[in-house]
Amino acid sequence: MALYSEKVMDHFTHPRNVGVIENADGVGEVGNAKCGDIMKIYLKIEDDIIQDVKFETFGCGSAIASSSMATEMIKGKSIHEAMALTNKAVAEALDGLPAHKMHCSVLAEEAIKGALQDYFDRNGIPYDDKDFPNSEHCPHCE
């Protein structure tokens, strides 16, 4: 059995939405240089819809594939739909990740939520703190 699915390999070798959005409406960065996986997500939001999303990821193939897939899953969606994205949904969309690489999908979820939290903060939109991860958290490094 192959270690990585065809979808993981496709999103690693041909990542979607790579780059930076200048003047982004929300930016989220998670990860830890100690484990080597760092993700940064940029959002452009209009009328509560994610019009554009870009990412920069420093890390392994699973981290890049998770970032790519997660951005594809929220582009064109409402901020509420993006808030509901889970790492499990990202991993399933990639046809699975090896157990020791599941933290990559967790980082993708947390980076998106961090960018949404930044958007809410910039715009004075109230939210419940429990809906957002601690951006210093890296489950793999603990």
Side-chain angles (χ1 to χ4, degrees), residues 3-142:
L3 182 61
Y4 296 108
S5 71
E6 287 182 30
K7 282 187 182 178
V8 170
M9 293 305 297
D10 181 43
H11 278 269
F12 168 60
T13 57
H14 307 290
R16 284 73 152 172
N17 306 307
V18 175
V20 174
I21 297 175
E22 296 298 328
N23 301 312
D25 297 312
V27 179
E29 184 172 357
V30 296
N32 188 317
K34 188 165 65 175
C35 79
D37 292 324
I38 300 171
M39 294 182 186
K40 195 168 190 177
I41 301 280
Y42 303 85
L43 300 176
K44 190 53 122 178
I45 300 170
E46 292 177 25
D47 299 322
D48 290 341
I49 302 296
I50 298 170
Q51 299 295 324
D52 197 11
V53 55
K54 301 279 187 211
F55 77 91
E56 295 178 299
T57 294
F58 176 82
C60 66
S62 294
I64 293 166
S66 293
S67 300
S68 175
M69 179 59 80
T71 60
E72 285 287 280
M73 294 174 77
I74 66 166
K75 195 173 196 175
K77 304 286 189 202
S78 73
I79 57 175
H80 303 291
E81 289 172 301
M83 277 294 298
L85 181 71
T86 65
N87 72 295
K88 183 178 178 187
V90 173
E92 287 174 359
L94 288 168
D95 292 336
L97 288 170
H100 67 284
K101 293 295 185 178
M102 281 301 290
H103 72 278
C104 296
S105 63
V106 172
L107 289 175
E109 174 189 345
E110 290 181 350
I112 288 168
K113 288 186 177 169
L116 288 166
Q117 184 177 24
D118 182 46
Y119 169 72
F120 293 156
D121 286 342
R122 290 181 191 205
N123 291 283
I125 300 169
Y127 57 85
D128 191 334
D129 287 335
K130 72 176 176 47
D131 290 333
F132 294 96
N134 176 353
S135 62
E136 300 300 315
H137 174 248
C138 179
H140 180 66
C141 296
E142 294 178 350

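In this text the structure is predicted, and so the values were computed from the model without any measurement.
- Within 6.0 Å of atom NZ in Lys44, more than 12 heavy atoms from other residues, nucleotides or ligands are found, so the atom counts as buried in its surroundings.
- For the atom pair CD of Glu92 and OG of Ser105, the computed distance is 10.0 Å after rounding to the nearest 0.5 Å.
- The CE atom of Met69 sits 12.5 Å away from the OG atom of Ser62 when rounded to the nearest 0.5 Å.
- The backbone N or O of Ala63 sits less than 3.5 Å from a side-chain atom of Ser67, completing a donor-acceptor pair.
- The two residues Lys7 and Leu94 make their nearest non-hydrogen contact at CB-O, 3.7 Å.
- For the residue pair Val53 and Asn17, the shortest heavy atom distance occurs at O-CB, 3.3 Å.
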Between Glu22 and Tyr42, is a side chain to side chain donor-acceptor pair (under 3.5 Å) present by the stated rule, with each step listed? CA-CA 9 Å; Glu22 296 298 328; Tyr42 303 85; over 6 Å; no
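- Ala24 and Val27 get closest at one heavy-atom pair: CB-CG2, 3.8 Å.
- Counting all heavy atoms, side chain and backbone alike, Asn87 lies closest to Met102 at ND2-CE, 3.9 Å.
- Residues Ser5 and Asp95 bring no donor and acceptor atom of their side chains to less than 3.5 Å of each other.
- When every heavy atom of Cys60 is checked against every heavy atom of Lys101, the shortest pair comes out as SG-NZ, 3.5 Å.
- Leu107 has its side chain out of reach of Ser66: every pair of non-hydrogen atoms, C-beta onward, lies at least 4.5 Å apart.
- Between Asp131 and Lys113, the closest side-chain pair of non-hydrogen atoms is not below 4.5 Å.
- Here the side chains of Ile79 and Leu43 are not in contact, with every heavy-atom distance at 4.5 Å or above.
- Under the 4.5 Å side-chain criterion, counting only non-hydrogen atoms from C-beta, Asp25 is not in contact with Arg122.
- From Ile41, atom CD1 reaches atom CD1 of Ile74 across 6.5 Å, with rounding to the nearest 0.5 Å.
- Sorted pairs that involve residues 45-54 and meet side-chain hydrogen bond (donor to acceptor under 3.5 Å, both in side chains), not counting sequence neighbours, are lacking altogether.
- Looking only at side-chain heavy atoms (C-beta outward), Met39 and Phe55 stay at 4.5 Å or farther from each other.
- The structure places CD of Glu6 at 11.0 Å from OG1 of Thr13, a figure rounded to the nearest 0.5 Å.
- Heavy atoms of other residues, nucleotides or ligands lying less than 6.0 angstrom from CG of Asp128 number more than 12.
- Annotation: the span from Arg16 atom CZ to Lys75 atom NZ amounts to 11.5 Å, rounded to 0.5 Å.
- Checked against salt bridge (charged side-chain N to carboxylate O under 4.0 Å, His left out), Asp121 has no partners two or more places apart in sequence or in another chain.
- Rounding to the nearest 0.5 Å gives a distance of 11.5 Å between CZ of Phe12 and CG of Asp10.
- Counting heavy atoms from C-beta outward, Val90 and Glu109 have side chains that stay 4.5 Å or more apart.
- Scanning both residues, Ile64 and Pro15, for their nearest heavy atoms gives CG2-CB, 4.1 Å.
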